[in-house]
Amino acid sequence: MINSEIDQIFDSFDKNTIFKDKSLLQSNHKPEEILHRKEQIKQIASILAPILRGEKTSNLFLYGKTGSGKTLSVQYVQEQLFKRAKENNKYKLRIEYLNCKLKKISDTEYRILAELIKKMGGNVPDTGLPTQTVYSKFIEIIDSERQLIVLILDEIDQTVKKISSDFLYNLTRMNSELSKSQICIVGISNDLTFLDQVDPRVKSSLSEEEIVFPPYNALQLKDILNNRAKLAFKEGIIEEGVIEKCAAFAAREHGDARRALDLLRIAGELTERDNSKKIKLKYIDEANKKIERDKILDVISTEPKQFQLVLYSIINLSEQFNKEKKGPLFTGDVYNYYQDFCLKNKTDVLTQRRVSDIIQEFDMLGIINVRVISKGRGGRMREIKLAISKSIIEKAKEIIQGGLEYI
DNA sequence: CGAGATTCATGTGAAGTATACCTTTAGGCTTAA
DNA sequence: AAGCCTAAAGGTATACTTCACATGAATCTCGTA
């Protein structure tokens with residue numbers, strides 16, 4: 001009986017599918033034609049062109065919010081370069097792309113280098129080696145044969161915020177330690193003010209060239225969406241105004257094209273699940289919520305246990321405070337609650353110092369909002385507010401509870 | 001009454017500790033000549 | 001004797017703790033009007 005139900009689900013999935021080719025809407029899809037980014041692509045190409053003659057190029061820096069086509073454009077140029085380089089392969093060309101924001105990687109200089117080495121075919125242990133050794137190993141691998149290397153470091157602003165800019169300084173200086181090879185760095189940053197915080201020495205050598213990617217406006221987003229939707233969905237399946245709404249939503253989010261495509265794809269998936277024949281406007285709203293929720297929940301669920309405990313304390317306390325109409329939450333309240341909670345769970349209790357840092361990290365993640373205030377003689381503390389909506393909070397609680405034996 | 005000192009409760013930086021893991025090295029054992 | 005394995009020694013990164021000092025405005029204190 002269960003089987004027949006499952007069959008039914010599969011059947012309706014089979015019949016009713018509204019996608020022609022869903023992969024076109026997935027965020028890792030590379031379209032053949034990149035709309036509204038011709039200018040930037042041309043610039044990148046002209047800056048990187050000397051590579052084809054085996055010359056070192058200027059370091060390059062790309063600015064622009066998420067989903068403004070930076071990564072796509074670079075990768076496009078990268079492919080073209082490879083194509084050309086194959087034809088006249090006088091020099092070996094390697095282009096490595098690394099997204100520094102990925103979890104596990106972004107935390108430390110060590111991990112980034114380790115990841116780079118792994119990409120270059122080397123191998124380093126997760127821990128135990130001196131950073132300097134890892135660094136030399138990296139140089140060794142690069143310098144093992146005559147080659148040109150382009151390192152594309154996506155979202156390095158995240159990294160530099162966590163580590164110091166020494167890391168970048170080392171990278172920019174690397175050329176002087178290489179004898180056979182040459183290296184060229186393409187940095188990508190979401191934060192326009194990023195370079196202002198960086199050491200001037202690094203700044204001058206890293207951003208020899210800069211290209212700004214302005215956000216897409218609603219019209220451009222519409223273009224892009226239309227272009228992909230044509231191929232991704234079956235015909236006549238999209239209701240009037242759906243594309244426009246997607247574009248509008250994404251335009252509000254600083255013109256994030258990736259977001260726009262995600263919206264459309266998830267709206268499609270929701271439609272499919274609903275056995276509906278057309279993608280209606282309401283699905284976009286739902287998709288929007290779902291994206292937001294999934295993003296946050298994903299972050300929360302991958303957070304270490306102690307972080308989850310702290311977050312759980314914050315959630316519970318702020319619910320309690322809301323009910324009792326007490327004012328905002330402060331560090332002390334959270335810590336006390338957390339302490340009790342840990343004791344009940346027979347978990348180790350971290351010091352206030354550490355919890356203070358954890359709270360700060362949650363602020364960085366955007367899960368809570370934090371403000372340091374001084375209450376005069378009442379002391380100085382952080383005022384803590386949850387920055388996520390109620391439905392997400394409920395889910396988050398479930399996730400955290402799931403990972404605990406005792407609540 | 002008002003300027004400066006005090007005070008509170010925590011922020012924050014620096015240094016130290018525990019743990020997990022890595023490489024190197026030396027000693028012991030096995031193996032092949 | 002050469003080769004291999006193992007365990008100890010010596011080293012690092014990371015997450016956390018400990019210690020100590022920094023903050024910043026409400027409140028207190030005390031000299032002055």
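Below, chain A is the first sequence line, B the second, and so on; all start at residue 1.
We find that CG of A/Asp348 is positioned 19 Å from P of B/dT17, with the value rounded to whole Å. Rounded to whole Å, atom P of C/dA13 lies 12 Å from atom CG of A/Leu113. B/dG11 atom P lies 12 Å from atom CD of A/Glu383, rounded to whole Å. Nucleotide C/dT18 holds its P atom 11 Å from the CG atom of A/Leu350, rounded to whole Å. For the pair A/Glu361 CD and C/dT14 P, the computed distance is 13 Å after rounding to whole Å. To the nearest angstrom, C1' of B/dT10 lies 13 Å from OH of A/Tyr335. When rounded to the nearest whole Å, the span between CD of A/Glu115 and C1' of C/dA13 equals 17 Å. If you take CG of A/Asp357 and P of C/dC16, they are 10 Å apart, rounded to a whole angstrom.
A/Thr66 and A/His254 share a side-chain donor-acceptor pair at under 3.5 Å. Neither side chain, A/Asp256 nor A/Ser68, offers a donor N or O lying under 3.5 Å from an acceptor on the other. Side-chain polar atoms of A/Tyr338 and A/Gln352 form no donor-acceptor pair below 3.5 angstrom. At a cut-off of 3.5 Å, with distance as the only test, a side-chain donor of A/Gln401 or A/Tyr312 sits close to an acceptor on the other residue.
Note on A/Arg354: a side-chain N or O is less than 4.0 Å away from OP1 or OP2 of C/dC16. Under 4.0 angstrom from either OP1 or OP2 of B/dT10 there lies no side-chain N or O belonging to A/Thr331. Using a 4.0 Å cut-off, no side-chain N or O of A/Ser374 falls inside it from OP1 or OP2 of C/dA25. Taking side-chain N and O atoms only, A/Arg382 has a distance below 4.0 Å to OP1 or OP2 of B/dT12. Between B/dT12 and A/Gln360, a contact under 4.0 Å exists linking OP1 or OP2 to a side-chain N or O. Remark: A/Arg380 is not in phosphate contact with C/dA25, judged by side-chain N or O atoms under 4.0 Å from OP1 or OP2.
Among the protein residues, A/Val134 comes within range of no part of the nucleic acid, since none of its heavy atoms lies under 4.0 Å from any strand.
Residues A/Phe362 and A/Ile358 are in side-chain contact: their nearest non-hydrogen atoms beyond the backbone lie under 4.5 Å apart.
Under 3.5 Å, the side chain of A/Arg353 and the base of B/dG13 form at least one donor-acceptor pair of N or O atoms.
In the set B/dT6, C/dT18, B/dG11, the nucleotide with an atom closest to the side chain of A/Arg377 is B/dT6. For A/Met381, the side-chain atoms get nearest to B/dA9 when compared with the rest of C/dT18, B/dT12, B/dA9.
Comparing A/Val355 and A/Lys375 against DNA chain C, the residue whose closest nucleotide sits nearer the 5' end is A/Val355.
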